[in-house]
Structure formats: structure tokens, C-alpha cells
2 protein chains.
Amino acid sequence: MRQETLAALKDKGFRLTKIRKFIVEIFYSSEAVPISAPELRTRLLAQNVKANKTTVYRELDFLSDQGIIVEINAGDGKKRYELQRHGHHHHILCLRCSAVECVTIENCALEDQLNSVDLKNFKVTGHALNFFGLCEGCRPYTECR
Amino acid sequence: MRQETLAALKDKGFRLTKIRKFIVEIFYSSEAVPISAPELRTRLLAQNVKANKTTVYRELDFLSDQGIIVEINAGDGKKRYELQRHGHHHHILCLRCSAVECVTIENCALEDQLNSVDLKNFKVTGHALNFFGLCEGCRPYTECR
DNA sequence: TTGACAAATGCAACCTCGTTGCAATATAAT
DNA sequence: ATTATATTGCAACGAGGTTGCATTTGTCAA
Ligand SMILES: [Mn+2]
Ligand SMILES: [Mn+2]
Ligand SMILES: [Zn+2]
Ligand SMILES: [Zn+2]
């Protein structure tokens, strides 16, 4: 999959730089956990790949424009990204440690009704359902920080 | 309502400053539209009330701590606040102009099932359902900016 | 293999939103 | 009017994110 993605980019005239290849690899190997820009930088650094923060932000924009990743909003103020191919689903955020995981609601009656409806004179094009609570490690704590 | 809220604060030993009274008034007169910190500052200024941004942020924290307002997340990265008494409901965000309105889903089958469930080993304590699309004024445009 | 050209990168400077420590001010009870 | 302390303003800081511009690098063709 990673190879096809990279090949497709090259076909379009984009270059397969070291940083780009590492980033694509990181997204493919991070299935159920969306990644923020700062986290991505940290993960690159952990592999001894130094990337300026401007470069990281530009690469996230680029991969989004190319439809390879999508921005998700888990309910805290931070943008995270994940592979677009994962399709529509939802997210859960730990209020204490900010961990985020992807969740899929089974038999979600709303899904079919949520989109394409008119709400408050808005033309609705999508929705996001975020859960929050305490992750396994944070359950012992009351909440936050 | 505003008067009771202010009186209750005074009973607890807090002071009814000019800025605090204006802010409470603004929230009570802004029923279906949550307000961000920068917006709140602007609205104060429009009434010739100059408030340092630190003061505005501190007042939002204070009113949240007092249970008078709650922070809501409409899906863009920005924190907004609204009266707590409005109770649980959802929000819709315009992808072009960032306008936010409150929405209540009628016959929402999910509501009863969404909370108090275990997801991914998380202890779920709440959820947020955000819609996005184009507001009435932005409908003519394709999207964004 | 070597150039050439455009894509990608790094850097510095800037922006918005939000926070902190501390000194100055204002509310409200006496 | 005094006083205690809640509140405010200010300056400085920090994270996350963006922009303009000069430099580097990937790609391809000679
Ligand atoms: Mn996801
Ligand atoms: Mn609302
Ligand atoms: Zn946690
Ligand atoms: Zn709009």
C-alpha cells in the first residue's frame, strides 16, 4: 500500500523525499491512532529524521490535499491526522492524558440520517461524533491533567 | 435570571465588577450562539468596556468553575462558551465563515445509548456531536475561506 | 555523469490563542 | 473613610501554526 501511494505521488510529478517517505510510512504504521503535527515531528526525530516544523506542517497539508490523509478533530483543540482510507468513523479522547483512539459505532442508526439533512438553514455536509472519558491507564484517576 | 446569577455570586463572596456583569449579560443575551474568548472581548469593546485579554480568559475560567457557563467544542480548534443551563445539545459549524449554532436532534435514538458505555477500554463520560456544512449566507459558495 | 529546473526544505519572523507572576486597582464590608 | 482581598492590567512567555524568501535536493534529460 505504501508503495502504491508513493508511486502515485511520483507519477503526479511530486518528489519522494526522505521526509515524505518517512511520514507516509508513519501514517501507514499508525492504524488506530491519529497523529498531531508535533507528535509527527517527535516520531521522525525518534528515527533520527530531523524535519523543520514548517516542513512538517507543509507535508501534512500536502498529503491532505492529495487525499492521502485527513484531518480529524478529537475534541481537544489539537488537529490530528490519519490515513484517509480508514473511512468515516469516530473518536474517543482521554480527558486526562489526551490519548485518542478511533472507534466505530456498530448499528449506528444515526449514520444514515445525519448527513444531507438541513439543520438551522445550514447545508450539512458532514458530522463528527467524539466521545470523551478516561482511557484504561487513566481510569484510576478522577479526571483531568 | 441574570440577577439571580449575580446575586448568587455575591453571596459566595465574589465581587460584581463592571466586566463580570457585562460578561454575564452577554451570555444571557446570546442564547443560541456560543462565544469564544476573542469574540467576547470584541463584544465588550463594542459596548465601550475595555478588558485585558487576561481578564477575559480568567473570567471565562471563573464562570466555568462556578457552573454558570460551559466550554463547548464545535469542531474547529476554538473554544467557545455558552450558558450551562442550556443543557446537553449539539452544534453545527459553517466550514466557510466558522459561524456556530446550537442544534437539538429530535428523537435522537443515540442519546440514551451514547453515554455510560465502554469503548476501547475507555470509561466514557460524555460525547459531542458536531455537524458541519455551510450556513445560509455561505451556501452559494463551494466551501471554505 | 552532469546540469538544469522545479519541488521541497530550513530559517527567521510573525500570528493567534492562551497562560503566568506580580504589582496596581477596585469592591464591599466595617 | 479604612481595610482586606478579589479582581485587573501588564509584560513576558509558550504552544501550535503560517509566511516569505533564500538554499538545498530530487528528477530527468542531455
Ligand atoms: Mn480515526
Ligand atoms: Mn450550544
Ligand atoms: Zn488517559
Ligand atoms: Zn458561513
Side-chain angles (χ1 to χ4, degrees), chain A residues 5-24 34-45 47-66 68-69 71-81 93 97-98 100 144-145, chain B residues 6-24 34-45 48-66 68-69 71-81 93 97-98 100 144-145:
Chain A
T5 296
L6 292 174
L9 288 178
K10 192 166 187 179
D11 280 350
K12 293 185 193 169
F14 301 110
R15 295 173 185 176
L16 304 187
T17 63
K18 181 183 178 187
I19 292 173
R20 179 162 294 161
K21 286 184 283 188
F22 268 94
I23 290 178
V24 168
I35 309 169
S36 70
E39 281 162 9
L40 181 53
R41 251 191 121 190
T42 301
R43 290 180 61 163
L44 287 168
L45 227 32
Q47 296 174 77
N48 286 316
V49 178
K50 278 186 270 287
N52 188 276
K53 73 171 173 176
T54 308
T55 302
V56 169
Y57 283 108
R58 281 197 281 232
E59 194 62 22
L60 288 170
D61 284 345
F62 170 78
L63 294 175
S64 296
D65 288 346
Q66 296 304 312
I68 296 167
I69 61 175
E71 178 187 318
I72 66 113
N73 186 294
D76 57 353
K78 295 165 192 167
K79 292 180 182 176
R80 289 178 177 81
Y81 298 83
L93 165 75
C97 74
S98 296
V100 172
C144 291
R145 198 129 327 171
Chain B
L6 292 175
L9 287 178
K10 191 166 187 178
D11 279 351
K12 292 184 194 170
F14 301 112
R15 294 174 185 175
L16 304 186
T17 63
K18 181 182 178 186
I19 292 174
R20 178 161 295 162
K21 285 183 284 186
F22 267 94
I23 290 178
V24 168
I35 309 170
S36 70
E39 281 163 9
L40 180 53
R41 250 190 121 189
T42 301
R43 290 181 62 161
L44 288 168
L45 228 32
N48 287 316
V49 177
K50 279 186 271 286
N52 188 276
K53 72 172 173 174
T54 308
T55 302
V56 169
Y57 283 107
R58 281 197 282 232
E59 194 62 21
L60 289 170
D61 283 344
F62 171 78
L63 294 174
S64 296
D65 287 346
Q66 295 305 311
I68 295 167
I69 60 176
E71 178 189 317
I72 66 110
N73 185 294
D76 56 355
K78 294 165 191 167
K79 291 179 183 177
R80 291 179 176 79
Y81 298 83
L93 164 75
C97 74
S98 295
V100 171
C144 290
R145 199 131 324 174

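Below, chain A is the first sequence line, B the second, and so on; all start at residue 1. Everything numeric here is computed off the predicted structure, so don't read it as measured data.
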Of all the heavy-atom pairs spanning [X] and [Y], show the shortest one and how long it is.
X	Y	answer
A:Ala37	A:Val56	O-CG1, 3.8 Å
B:Arg80	B:Ser98	NH2-O, 3.2 Å
A:Leu40	A:Ile35	N-CG2, 3.6 Å
B:Leu16	B:Leu6	CD2-O, 3.5 Å

For nucleotides 13-17 of chain D, give me every protein contact, N/O to N/O, under 3.5 Å, one pair per line with atom names.
unit_1, atom_1, unit_2, atom_2, d
D:dG17, OP2, A:Tyr57, OH, 2.9
D:dG17, N7, A:Lys53, NZ, 3.1
D:dG17, O6, A:Lys53, NZ, 2.8

Quick one: [X] [atom1] to [N] [atom2], roughly how many Å, whole number?
X	N	atom1	atom2	value
B:Leu40	C:dG18	CG	C1'	14 Å
A:Lys21	C:dA8	NZ	P	13 Å
A:Gln66	C:dA7	CD	C1'	13 Å
A:Arg58	D:dC21	CZ	P	13 Å
A:Phe22	D:dT25	CZ	P	16 Å
B:Leu6	C:dT27	CG	P	14 Å
B:Phe62	D:dA6	CZ	C1'	9 Å
A:Asn52	D:dA22	CG	C1'	14 Å

- Exam field: side chain A:Arg41 to backbone A:Ala51, donor-acceptor pair closer than 3.5 Å: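 Yes.
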- Query: The side chain of B:Thr17 lies closest to which of these nucleotides: C:dG10, C:dA8, C:dT27?
  - Reply: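 From the listed options, C:dT27 comes nearest.
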- Task: Respond yes when some side-chain nitrogen or oxygen of A:Thr55 is under 4.0 Å from OP1 or OP2 of C:dG10, and no when none is.
- Result: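 So the side chain of A:Thr55 is within the cut-off, an N or O lying under 4.0 Å from OP1 or OP2 of C:dG10.
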- Task: Starting from the 5' end of DNA chain D, give me the residue, B:Lys18 or B:Thr54, whose nearest nucleotide shows up first.
- Result: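 The residue closer to the strand's 5' end, by nearest nucleotide, is B:Lys18.
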- Strand-adjacent residues in residues 7-16 of chain A, judged by heavy atoms under 4.0 Å from DNA chain D: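 DNA chain D contact set from residues 7-16 of chain A: A:Lys10, A:Arg15, A:Leu16.
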- Query: Could you state the interatomic distance from CG (A:Asp76) to CG (A:Leu93), rounded to the nearest 0.5 Å?
  - Reply: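 One gets 5.0 Å once the value is rounded to the nearest 0.5 Å.
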- How long is the gap from CD1 on A:Ile68 to CD on A:Gln66, to the nearest 0.5 Å?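 Output value for this atom pair is 6.0 Å.
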- Task: Could you check if a side-chain atom of A:Lys50 sits within less than 4.5 angstrom of a side-chain atom of A:Leu45, using non-hydrogen atoms only?
- Result: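 Heavy-atom side-chain distance check passes, below 4.5 Å.
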- Task: Apply side chain to side chain donor-acceptor pair (under 3.5 Å) to B:Asp61 and list each qualifying residue two or more places apart in sequence or on a separate chain.
- Result: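 Expected list: none.
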